[in-house]
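The block underneath contains the structure these notes are about, expressed in structure tokens.
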Protein chains: 2
Amino acid sequence: MIDYVLFVCFRLTLEANVFRLVIGWNMTERGECMLADERRFRITEMLSRQRTVSASELKDIFNVTAATVRRDLAHLERKGLLVRSHGGAVSKLPSTNFQPSYDAMGRENPAEKQAIATEAAKLILDGDTIFLEGSTTVSEIVPLLQHHKRLTVVTNSPLILVELRRHPEIKVMCTGGELQRDVFYLSGIWAQRTIGEIRVDKAFLGVSAIDPEYGLSTASHDEAAVKKILIKSAKMRIALVDHSKFGRQGFAFVAPANELTTLITDSGTPPADLKTLRDLGVHVIVAGQD
Amino acid sequence: MIDYVLFVCFRLTLEANVFRLVIGWNMTERGECMLADERRFRITEMLSRQRTVSASELKDIFNVTAATVRRDLAHLERKGLLVRSHGGAVSKLPSTNFQPSYDAMGRENPAEKQAIATEAAKLILDGDTIFLEGSTTVSEIVPLLQHHKRLTVVTNSPLILVELRRHPEIKVMCTGGELQRDVFYLSGIWAQRTIGEIRVDKAFLGVSAIDPEYGLSTASHDEAAVKKILIKSAKMRIALVDHSKFGRQGFAFVAPANELTTLITDSGTPPADLKTLRDLGVHVIVAGQD
DNA sequence: TACAAACAAAACATAATCGATCATATTACG
DNA sequence: CGTAATATGATCGATTATGTTTTGTTTGTA
């Protein structure tokens, strides 16, 4: 009898307890009345360790309905902390170094990104000095530089550096800095200083979050600092933003949208956002349209 | 009584959880509650390591049917991450594509270089701050850094930078500078300044020409300038030199041989040269000997 | 070539999950 | 006290993920 009780106890508590241990709870702390914010905080805490969470697990842990879990995840998705997927969510926290995040998951919307990069490449003239910032969209520009003459390219992305080895006529410079490996991006004091010392004709910015009113923002403070200086160092500031980045606000503010000279996006972007940007004086190019 | 039951319960769950942790499980890895996204992520992770995966293998690993595996692979193929083939899939990740050209670059004496790099890695201690200079021999050290703790690596080589992304625990910094694409080496004023600002425990120098009497030299003036500063910035200066570099004099002088703390070479080097170096006070290690 | 075994594609079934909507409870605030 | 705002739960049709089955396809071997 006692064995059976123990067994049932074991089964019942096992699942939930794993998570409680993982996220640092102990048994007594869980009250019946948990605030929504508290719950959401716990979710982000889990995601900083786990990469994914499943909706049904969360339902059991917090003793709420699936609807509430969905609302929580939707909320956190709007804040840019995770991406929802069927059955749960995937972490988007910058601090989480789950290995091939750049290699693999940065490959979303390849067609849109390529279309955007094609428009961007059209803006580059022979003899230009340009800055290519580390970002999956921006790096798509590199293969399109075949036929440009006398180009100077400055970059803070090791990947772009490696890609550029195929273009012997291009003069290539690297900013240096500390490697943020989740995004494959050099930042920090060295990057800031070198960028501050130069003046480029065109800077191609990767952007992870844009809200036409709030402006550009990003998940990392370091990255924001680099972008700020880059914006000051460039005559033309061209942002490459696919539609999934719109309406988002990241942790660190970069600049108001009107500091951009040009913004290139794809046809999936809400027309209202495009209009707001144009009213701010930004030259908006929509790739994949005539 | 009930307290006792609860206590035993808790003990049991605790132990089960520890057991899980020990054997490397976490919840998401367990077949029943794995998100599709998680599975696909794992596949890309595998592909970044081994270039190909077999469908039946994946079926067993994830405890799903072949149909699901095929759908996953089809999904990843649409994203451009792999190419499907009968019985599995082949990676299309940039890292794996990139590998061959890197291999082709400097594979003259691979066995010697590897042996030299192995000796070099033995000199690296946990917690060290090291400089890895761009050179094919030096970059062989990178895969050997798996088990070192709390390392800080500074480098002027884009290749080493890219290689190091597989070591999430290592803090990585890049000097910046202008790219010399034939040797894949960052040099120039930015590189010189950043190296001048730091102090590393150990610098691993690639050397393209060494003459025990004349000293170290190289083909490019820029490269020589960087090396000179690097030698000043390092407490230990370790040169990695295979036998083919001996008895040569390059265009630009770097430093006399006695500025080296240590020199690692292979067994093909003339004993007379080794003796001269030892007489100068250089600690000479011959890789591939006892 | 013929044949068996493994693999792939398509069509269907099922269960889990999602989105939207409405109802209810709780809180905040005048 | 009443009302608005918010958070949560409940329900239902739509969507998605997965497994199953059937029917080709490829591959290796005699």
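Chain letters run A, B, ... following the sequence lines, proteins first and then strands; every chain starts at 1.
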Rounded to whole angstrom units, what separation is found between the [atom1] atom of [X] and the [atom2] atom of [N]?
| X | N | atom1 | atom2 | value |
| --- | --- | --- | --- | --- |
| A:His86 | C:dA15 | NE2 | P | 15 Å |
| B:Leu73 | C:dC7 | CG | C1' | 12 Å |
| A:Asn63 | D:dG9 | CG | C1' | 13 Å |
| A:Arg70 | C:dA16 | CZ | P | 14 Å |
| B:Lys59 | C:dC7 | NZ | P | 9 Å |
| A:Asp72 | D:dT8 | CG | C1' | 10 Å |
| A:Arg39 | D:dG9 | CZ | P | 7 Å |
| B:Glu57 | C:dA6 | CD | C1' | 16 Å |

>> Hydrogens and angles aside, do A:Ser208 and A:Lys245 bring a side-chain donor and acceptor to less than 3.5 Å of each other?
In response: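 Their side chains do not contain a donor-acceptor pair, so the 3.5 Å distance test is not met.
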Quiz item: If we ignore angles and hydrogens, is there a donor and acceptor under 3.5 Å between the side chains of A:Asp242 and A:Ser244?
Solution: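 Present: a donor and an acceptor within the cut-off.
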| task | Pick base, sugar-phosphate or nothing for B:Ala67, based on heavy-atom distances below 4.0 Å to the nucleic acid. | result |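 Since a base atom lies under 4.0 Å of B:Ala67, the category is base.
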Exercise. Base, sugar-phosphate, or nothing: which does B:Ser54 touch, judged by heavy atoms less than 4.0 Å apart?
Worked result: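 It contacts nothing in the nucleic acid.
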Within the pair A:Arg84 and C:dG19, is there a side-chain N or O less than 4.0 Å away from OP1 or OP2?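 Yes, such a contact exists.
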Think A:Thr68 has a side-chain N or O under 4.0 angstrom from the OP1 or OP2 of D:dT8?
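Answer is no, no contact under 4.0 Å.
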Ion pair check, A:Arg84 and A:Glu77, cut-off under 4.0 Å: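 Salt bridge present between A:Arg84 and A:Glu77.
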Legend entry - Quiz item: B:Arg71 side-chain donor-acceptor pair to D:dG19 base, under 3.5 Å: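 Indeed, a donor on one side and an acceptor on the other fall under 3.5 Å apart.
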Honestly, is B:Arg42 close enough over B:Phe62, meaning NZ or CZ under 6.0 Å from the six-membered ring centre and within 45° of the axis?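 Not flagged: B:Arg42 not positioned over aromatic ring of B:Phe62.
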